[in-house]
Amino acid sequence: MHEAIVIGAGLSGLMGALALAEAGLRPLVLAKGHGATHWASGTIDLWGKDERSPRDALRSIVTARPEHPYALIGVDAVADALARFRAVTEAARYPYVGGMDHSVLLPTAAGALRPVALLPITMAAGDVRAGGEMVIAGFHELRDFYPPLAAANLAAQGIAARGVYLQLPPVPRVRDFGPRTLAQLFDDPAFRKQIGRQLRQQRGSATRIGLPAVLGVRDPLGVVADLQLLSGAQVFEIPTLPPSVPGIRLFNVLRAAIERSGGRLQIGSEVIRAEGVGHILTTLCSEAAAREQQHRVRRVLLATGGIAGGGIRTNDAGLVRETALDLPVRMDVNHAGWFAPRFLDPGGHAIYAAGVAADDRLRPLGVDGWPVYENVAVAGATLAGADTLRERSRTGVAIATGWAAGRMLAAYGCDATRSY
Amino acid sequence: MRTLTTDVLVIGGGATGAGVLRDLALRGIRCALVEKGDLTHGTTGRYHGLLHSGGRYVVKDPQSAEECARENEILRRIMPHCIEDTGGLFVVTPADDESYADRFVAACRRTGVWVEEIAVSAALRREPLLNPRISRAFAVRDGAADSFLATHANTDDARRYGAQVLTYHVVNGLERVGDRIIGAVCEDLRSGEMVRIHCAAIINATGAWAGKIAALAGLQVSVVAGKGTMVAMNHRIVNTVINRCKMPDDGDIIVPIHTVAVLGTTDIYVPDPDVYSITPEEIRLILDEGEHLIPGVRRMRALRAWAGVRPLYREEDATHDRDIPRTYRLLDHEVRDGVAGMVSIVGGKWTTYRLMAEETVDVVAHRLGVTTPCRTAELRIEASAQPAAPLRPAISHGSAARARFAILASPFYMLGHRLAEVEADDSYGDLVCECELVTREQLEAAIESEGTANLDDLRRDTRLGMGPCQGGFCTYRAAAIWHERRSARYGQAAGAAPATRLLTHFLQERWKGLTPTLWGDQLRQARLDELIYLETLAVDRLPEAIPDETIVTGHAAIATEAG
């Protein structure tokens with residue numbers, strides 16, 4: 001019998017597993033594969049739909065949109081999750097900076113300015129409001145990052161920026177220079193020494209240098225420190241096309257923290273079915289290597305993601321399904337209304353708000369409005385009620401609801417009162 | 001206003017126009033072609049890619065069948081690099097009338113369409129996903145044709161003989177003096193400049209738009225625009241063209257082309273070739289019918305849907321589009337309407353484009369007093385295009401391999417050779433579009449090639465963005481590389497606004513075709529693409545793009561697939 005199983009190893013699942021592990025429940029994380037950590041930028045975005053501070057935006061959401069994931073858990077729970085997240089990353093010597101009081105504007109690889117609440121310290125010098133001329137530097141060999149375009153767009157917004165390409169030092173023949181490959185090269189001190197020297201030559205009057213977010217997997221702070229020393233300028237990372245090196249680092253940090261507290265991750269196991277007695281889920285069935293496995297379990301955290309993560313799935317007949325536990329899905333718009341005519345429509349596409357409705361303890365709700373299972377909590381993109389990508393709240397919702405779900409599940413069975 | 005003089009002006013940059021241009025040029029006739037968009041912007045770039053064996057028309061339209069059978073062999077000979085010899089099968093499914101098969105075979109014999117019945121077990125061995133309940137199977141000489149490549153091959157060859165090609169030139173008026181058409185007035189959509197073209201003859205090769213062009217000279221040409229919708233699956237679910245053995249109808253064919261397989265088609269009359277949309281009912285019908293050929297096809301991953309408009313010429317009232325003969329008609333307006341100086345070539349299909357060109361040019365050449373015979377059936381089209389000089393030394397090595405695949409240094413491609421080059425060259429790291437194996441070198445050459453105005457044009461040249469991720473990874477890369485090429489050309493850092501426009505335009509072009517079949521894994525993919533462009537790159541927050549006249553993205557004259 002497992003005390004707790006977490007389904008999904010994205011940000012929300014990992015934060016939930018951390019809460020359960022720290023409560024001594026030795027959670028098992030079952031995941032079909034890696035989550036969006038490996039695809040996205042590695043920052044924590046609380047709110048970016050308008051220019052309000054995250055704290056102000058969240059406060060108004062709690063009253064104005066009671067079904068929004070933020071509203072389910074409240075602003076204090078979000079702050080609590082952020083505090084824990086910062087502490088964990090700091091302890092792992094990969095600290096995140098920032099908070100709820102204002103968003104930092106970071107340059108993207110296209111040269112846009114993106115509002116971010118928490119960012120790895122390796123990106124901190126990119127804060128455009130800090131001022132100072134920038135050099136954006138990259139490599140011809142890396143097809144996922146283009147300094148001239150980023151610099152031209154920054155310049156168009158009044159930010160002094162110049163794009164340059166660096167010479168890749170001779171390296172063992174590599175076929176595919178993706179972000180991961182380059183990050184591994186940066187782990188080598190001799191490699192970054194050569195890059196640092198080039199940066200010094202290229203820097204001119206610039207006070208800071210933006211590089212693709214490939215500055216090492218093992219010791220990014222060490223890489224940044226070396227490059228700053230050699231170049232004489234502040235150095236910061238800019239997220240690239242996937243795979244995301246900062247995301248991989250973050251996954252590694254959280255995984256290590258979970259395992260230190262007694263949790264365990266099993267990637268490659270897809271939960272395909274659940275069995276229960278009344279309103280209690282008792283058994284999960286997972287599939288790995290075409291073999292089915294049954295897990296008796298006391299508490300379950302569902303964090304399989306939304307449409308992108310595969311937790312919510314659609315078909316040609318317009319059906320929308322939750323894939324692991326077959327929970328009811330809230331989708332207010334029929335098939336014909338799923339999409340807006342413009343891909344970049346500011347209002348987004350209705351289908352992406354589909355998800356599992358939950359109560360204030362994040363328990364999944366049935367069509368009758370009552371919890372389907374008392375011992376299940378839902379977190380992250382699986383939750384209904386918001387297109388978090390358009391709000392730029394995706395990762396904020398993930399860590400906040402993941403942490404809150406884990407905490408509330410840990411308390412399940414300990415409290416004297418029952419809900420019904 | 002600029003003025004240009006030529007002997008023959010060809011209107012329309014699809015398969016027919018390009019074929020006509022090459023035919024004229026080979027006969028030594030001075031000629032120019034105008035196209036309102038990019039080459040293959042119209043129906044040629046929106047069809048499934050079938051090289052007809054003729055089998056499809058043997059019963060219903062024997063003349064078309066005969067023409068297809070003959071032209072099929074000629075095209076295989078003159079442009080082998082544009083054609084994949086997939087072979088074809090006609091299969092009798094449980095839903096089909098069994099008596100049709102014997103009529104089919106007899107009609108093949110009558111029309112000279114090669115056919116051979118093969119055992120059902122042999123058909124299933126060849127195509128394992130085929131419905132195991134088929135009762136008979138017939139092999140034919142269907143193939144898959146790359147209509148983008150073939151059109152470019154024709155115009156490139158014509159250029160070698162002195163022809164001119166003007167893309168993004170829309171014809172706004174025909175100049176008529178009495179009973180004679182003496183030229184056309186075009187607008188260059190990129191500069192806004194008007195261009196007057198004087199000529200001795202005009203060939204209207206605008207397909208479904210032929211009526212609109214004829215109307216500019218006060219002539220009436222009744223072209224029925226028959227919308228055909230197709231669905232591309234994300235891999236080659238078959239390697240042979242599969243047809244239902246029955247009277248041609250909706251959703252009865254699957255064509256494997258390059259990396260995908262295309263299910264087709266529907267046939268719905270649309271009053272205006274520029275205004276049509278794809279309905280959910282059409283998609284349902286195509287997938288329902290597809291189930292008869294490949295059980296389970298609706299659970300496979302569909303990439304996107306699109307539609308083209310068939311140029312069917314209506315001579316008298318036909319009750320249904322499929323009843324209009326698929327053969328072509330040459331309308332000599334001097335004989336038909338008493339107005340000299342223009343002919344219209346209407347109807348037909350891709351497979352017969354060369355024959356249509358030959359007949360058209362025969363008439364026009366005769367009028368001009370040129371007696372040189374047509375040579376397009378004999379002269380092979382050489383597969384070459386001048387690549388642009390690389391911006392920087394290629395990262396990859398292995399120029400010997402490139403020499404072996406000379407075509408690959410061009411922005412164009414040949415089936416199967418792309419992977420061969422990438423492997424021989426060890427150039428995996430230089431791929432801009434992983435789905436379709438487009439290298440940076442190919443993309444840069446295409447950017448530099450004449451007439452390229454946006455990323456969708458690059459797509460037609462290189463297949464950029466046509467694979468499973470539908471531009472998710474390559475749109476940013478291509479826009480950035482375009483920006484760098486432009487900076488290199490002008491010797492200083494270029495502004496970023498054009499790149500922003502290219503990027504958002506291409507994402508939107510891809511989106512239009514995605515939505516009709518967006519569910520399951522393809523919806524996951526679309527959401528990942530949103531994550532890349534909205535979260536990681538935040539392109540919605542880029543400074544407002546300033547209109548750039550050299551990038552044509554939204555002109556009303558070339559906007560199609562409305563609604």
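To find a chain, count down the sequence lines: A is the first, B the second, and so on, and within it residues start at 1.
From A:Phe343, atom CZ reaches atom CD of B:Gln470 across 11.0 Å, with rounding to the nearest 0.5 Å. For the atom pair NE2 (A:His349) and CD (B:Glu530), the distance works out to 4.5 Å, reported to the nearest 0.5 Å. For the atom pair CH2 of A:Trp338 and CH2 of B:Trp519, the computed distance is 9.0 Å after rounding to the nearest 0.5 Å. The CG atom of B:Leu507 sits 10.5 Å away from atom CZ of A:Arg342, with the distance rounded to the nearest 0.5 Å. Residue B:Arg298 holds its CZ atom at 4.5 Å from CG of A:Asp316, rounded to the nearest 0.5 Å.
Heavy atoms of B:Ala302 lying under 4.5 Å from chain A are absent altogether. The parts of B:Leu531 that come within reach of chain A are both its backbone and its side chain, each placing non-hydrogen atoms under 4.5 angstrom from that chain. For A:Asp45, the part lying near chain B is the side chain, with the backbone staying farther off; criterion is any non-hydrogen pair under 4.5 Å. Only the side chain of A:Leu105 comes within less than 4.5 Å of a heavy atom of chain B; its backbone N, CA, C and O stay farther away. Looking at A:Ala381, there are no atoms closer than 4.5 Å to chain B (heavy atoms on both sides), in backbone or side chain. Contact of B:Leu518 with chain A is made through backbone and side chain together, with heavy-atom distances under 4.5 Å.
The pair B:Glu434-A:Arg143 counts as a salt bridge, with a side-chain nitrogen and a carboxylate oxygen less than 4.0 angstrom apart. Residues B:Asp521 and A:Arg313 are paired through a salt bridge, judged by an N-O separation under 4.0 Å between the basic side chain and the carboxylate. Taking a cutoff of 4.0 Å between a charged side-chain nitrogen and a carboxylate oxygen, B:Glu535 and A:Arg114 do not qualify as a salt bridge.
Side-chain atoms of A:Gln157 never come within 3.5 Å of backbone atoms of B:Leu542 as a donor-acceptor pair (strictly under, hydrogens ignored). B:Arg477 places no side-chain N or O within donor-acceptor distance of the main-chain N or O of A:Tyr146, the cut-off being under 3.5 Å.
The minimum heavy-atom distance between B:Gly520 and A:Thr314, with the atom names listed, is N-OG1, 2.9 Å.
Atom CZ of A:Arg52 has more than 12 heavy atoms from other residues, nucleotides or ligands within 6.0 Å.
Options B:Arg527, B:Gln525, B:Arg299 differ in how many heavy-atom pairs under 4.5 Å they form with chain A, and the most are formed by B:Arg527. Contact count against chain A (heavy-atom pairs under 4.5 Å) is highest for B:Gln508 among B:Gln522, B:Arg284, B:Gln508. Residue with the most contacts toward chain B among A:Ala308, A:Ala152, A:Gly178: A:Ala308 (heavy-atom pairs, distance under 4.5 Å). With chain B as partner, the option from A:Thr240, A:Leu113, A:Ile351, A:Leu168 having the largest number of non-hydrogen pairs under 4.5 angstrom is A:Leu113. Among B:Leu528, B:Asp529, B:Leu523, B:Leu514, the residue making the largest number of heavy-atom pairs under 4.5 Å with chain A is B:Leu523. Your options are A:Arg162, A:Arg394, A:His335, and the one with the most heavy-atom pairs under 4.5 Å with chain B is A:Arg394. Interface remark: of the candidates A:Gly305, A:Gly309, A:Ser244, A:Gly163, A:Gly309 forms the most heavy-atom pairs closer than 4.5 Å to chain B. For chain B, the option among A:Ser41, A:Ala36, A:Pro148 with the highest count of heavy-atom pairs below 4.5 Å is A:Pro148. Listed options A:Ala156, A:Pro341, A:Gly111, A:Pro346 were ranked by heavy-atom pairs under 4.5 angstrom with chain B; first place goes to A:Pro341.
When side chains are defined from C-beta on, B:Leu534 counts as touching A:Leu344, because their heavy atoms get closer than 4.5 Å. Looking at heavy atoms from C-beta onward, A:Arg392 lies in side-chain contact with B:Asp540 at the 4.5 angstrom threshold. Between B:Ile532 and A:Leu241 there is a side-chain heavy-atom pair separated by less than 4.5 Å.
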(message) Would B:His483 and A:Asn153 count as a side-chain contact (heavy atoms from CB on, under 4.5 Å) here? Give the steps.
(response) CA-CA 11 Å; B:His483 173 257; A:Asn153 267 317; over 6 Å; no

(request) For side-chain contact (heavy atoms from CB on, under 4.5 Å), just list the numbers for B:Tyr476 and A:Leu149, CA-CA rounded to whole Å, side-chain angles, deciding distance to a tenth of an Å, and then say yes or no. (result) CA-CA 10 Å; B:Tyr476 162 64; A:Leu149 179 65; 4.1 Å; yes

